[in-house]
Every structure is written in C-alpha cells, then in structure tokens.
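Quick notes on the structure that follows.
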Amino acid sequence: MPISVSFILITLIAGGTGSVKLARGLSKVTEDLVVVSNTADNIWLHGLYICPDIDTVVYGLSGLLDKSRGWGVMNDSFVFMEQMKRLGQDYWFKIGDKDLALHVARTHFLNEGKSLSWVTEWIRKKLSISTVILPASDYHFETRIETPVGEMHIQEYWVKNHAELDILNIMYEGIEKAVPSPKTLHAIRNSDMIVIAPGNPISSIGPVTSIPSIRMELESRKKKVIAVSPLIGNQALSGPASKYLRAMGIECSPVGIASHYSNIASNLVISESDKEYENRILNYGVDVYKTNIIMENEQDEIKLSDYILKTFNNA
Ligand code: FO1
C-alpha cells in the first residue's frame, strides 16, 4: 500500500520516456508534486511547436500515453503523416492524429503571445491532470549534436538518423537566455525534496539542471536533491544514455552518474544489483541508496516512489 504524505512538496526534474514512470508513481503517492519538464528537445516542425518531453509527461499523467512506444497517444492513427508524405513533406517525426491536436492548440496560443507555461497549464486543466507541470523555461533553447556530417537538433539525431552517427559534442544552444519561469524556481526553492528522474542525464536532465539559476538553486539545496540512476551497471534503463554519456567523457556506470550530479545532488538511488559501485560513489560525497529501480508496471512505479518518500522524508 502506498503511503500518502500530502504535506511534502516534491519537485521532480524530468525528461520524457525515462522519467514519466517515476512521475506517474510519485503522482499516486503525494498530491504535492510539481514536475519540471525538459524543453530542450522542443522542435518546430510543419509550423507547429512540438514539446516531446512535456507531452510525454502530460500523456503519462492523464493516462493517454502509448506505453509501448513511450511517447505519443495510445491507439492513435497517422493519417496526417501519410498525407504529409504524399505532399512531399518531411515525415520522419511521426505525429499521430490525436497528438497533432495538442500541437495545433499549443502553437495557436503561443502565436497569440501566451507563454509556454501558460499553455502547459491550460493543457493540464483540459486533460484533468492534478500534478503541476512546469516547462524548465518559457524561452526556446535546444540540444544540438555535433557529428562528423554536421550539427543537428537532437530530434534529427535521434529520430531521423536513428542515433547512428558518431557524436563529437553535445551543446545546449541558447541556454544562456533560458530563464526558468518564476514558478519553477519557486518550486525548487520550496520543495522538501527535489528528485532527479532516471532520465537521460545529458539530453533530458542536463538541459534543465544547466540553466544557470536552476543550477545555483540546486547547488545550494543539494542535501535535498535525490537522483535516481538511469543506469543499471553500464546499461541504460531506456534510450541512448550510454552513448551520450560516453560522448561527453562521463563513465557509463552509477559512479559516472554520481560524479556528474555530485555538485547538485547529495543522494543517489541505484539498483540493488549495483552494490559494487557503492564505495566509489561515496568518494564523490554522494550518499547511496539501493533498491529496485526498474519500473515495469504500475506497482513498481508506486514502490519506488514510496521508497523515495519513506527514505528521504525528514532527511
Ligand atoms: N520518437 C521516435 O523515436 N520517433 C518518432 O517518430 C517520434 C515522434 C514523436 C512525436 C511526438 C512526441 O511527443 C514524441 C515523439 N517521439 C518520437 C519521442 C521523442 O523523440 C523522444 O522520446 C524525446 O524527445 C526524448 O527526449
């Protein structure tokens, strides 16, 4: 049985597919959850502003997510995409017909001058999601990957080129202008716990924690910050984390995760099968907690969330 500790305010720093399971679990064990979502994989396509990580959280928390893909709406159709293909338009990024409605509505409001935070709140209310979802920033900045054949947006690297090209560098272009919304900073400043989801440290979490004012806030509150490892041994729980970590010269193991987060997190939750890394993680001044971090179903999501609440409440 999950415990309910509604007086504890938790901020979850999240990306997309790798993070949504913990967002879902935490939303079931506490009412006071704020999810700060990565925005650096946002992309303009077909005149529409698409926010994949925000939308994965939105669909995950509203029960609409296609869980097998980890993105988009379940039981969606792709008639729009087929027609775009017929018209000779780009069709490498598969926008489902139901998903399309969200991008059209969002872009309409942005064109009217509304902020991304405003639109995200509007979506949340329309889809009856109780958890607050905040974009890391209302200002566009993007993760770009430098490869031997040129530099490209992360979606072009991951989806169009299937992450096959070598990586020379990964940059967050425009991050210096990426001011977080006041609500985001307020949530981090006032949370009893700040949880870093087991998302990709470079492409999902890194853009959020590299925003200068967010980073400063996390550094000053790092005792309250709990990161959940996105790796078991040297294997990523999902997506291309190992490739991105190696490209950035970070050891692909829970020790690499600890070293990468050591300035902003004093606590790391790792798999119980990763005991061997414990002493090396402690050397970075990061406390280690071991449990099952694989979330294959709703019960796993709630169990890990409960574990985090019980372990770090009063810490
Ligand atoms: N991921 C894919 O691998 N292929 C797609 O065609 C694709 C389309 C897509 C459409 C909307 C959306 O919200 C997400 C989508 N994703 C797709 C997922 C997305 O590329 C990544 O999961 C995240 O950007 C990772 O941060």
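For this chain, numbers begin at 1 and follow the sequence in order. Whatever order the structure lists them in is the order used to number ligands and atoms, beginning at 1.
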- prompt: At a 4.0 Å threshold, what atoms of ligand 1 neighbour a non-hydrogen atom of Val159?
  reply: 1 (N), 2 (C), 3 (O), 4 (N), 5 (C), 6 (O), 20 (O)
field: Test item: Leu100 and Asp76 side chains (from C-beta on) under 4.5 Å apart, heavy atoms
entry: no
query: Charged N to carboxylate O below 4.0 Å: is that the case for Arg144 and Glu142?
result: yes
statement: Nearest heavy atom to atom 26 (O) of ligand 1, choosing from Asn200, Asn38, Val20, Asp53, belongs to Asp53
- prompt: Salt bridge between Glu298 and Lys303, side-chain N to carboxylate O under 4.0 Å?
  reply: no
Carboxylate-amine/guanidinium contact Glu301 Lys21, below 4.0 Å: no
message: Taking 4.0 angstrom as the limit and counting only heavy atoms of Lys94, give me the atoms of ligand 1 inside it, by number and element.
response: 5 (C), 6 (O), 8 (C), 9 (C), 10 (C)
query: Centres of the Tyr49 and His140 rings: under 6.0 Å?
result: yes
Check: Asp41 N/O within less than 3.5 Å of ligand 1 N/O: yes
- line: The protein heavy atom nearest to atom 11 (C) of ligand 1 is Asp99 OD2, 3.3 Å
query: Can you tell me which residue and heavy atom of the protein come closest to atom 10 (C) of ligand 1, and the distance to 0.1 Å?
result: Phe93 CE2, 3.2 Å
- request: Could you list the atoms of ligand 1 found under 4.0 angstrom from a heavy atom of Trp92?
  value: 6 (O)
- prompt: Does the separation of the ring centres of Tyr261 and Tyr284 fall below 6.0 angstrom?
  reply: no
query: With a 3.5 Å cut-off and no angle check, do the side chains of Thr120 and Ser117 form a donor-acceptor pair?
result: no
query: Would you call Glu251 and Arg246 a salt bridge, taking side-chain N to carboxylate O under 4.0 Å as the test?
result: no
query: Backbone, side chain, both or neither: what part of Arg69 comes under 4.0 angstrom of ligand 1, heavy atoms only?
result: neither
query: For ligand 1, is Pro52 a contact, meaning one of its heavy atoms is under 4.0 Å away?
result: yes
- prompt: Any idea which protein heavy atom is nearest atom 20 (O) of ligand 1, and the distance to it?
  reply: Gln155 OE1, 2.6 Å
task: Give a yes/no verdict on whether any heavy atom in Tyr59 is under 4.0 Å from an atom of ligand 1.
output: no
task: Decide if atom NZ of Lys98 counts as having more than 12 heavy atoms of other residues, nucleotides or ligands within a radius under 6.0 Å.
output: yes
message: Below 4.0 Å from ligand 1: does a non-hydrogen atom of Thr17 turn up there or not?
response: yes
Min N/O separation Trp71 to ligand 1 under 3.5 Å: yes
message: Tell me the protein heavy atom at minimum distance from atom 21 (C) of ligand 1, and give that distance in Å.
response: Trp158 NE1, 4.0 Å
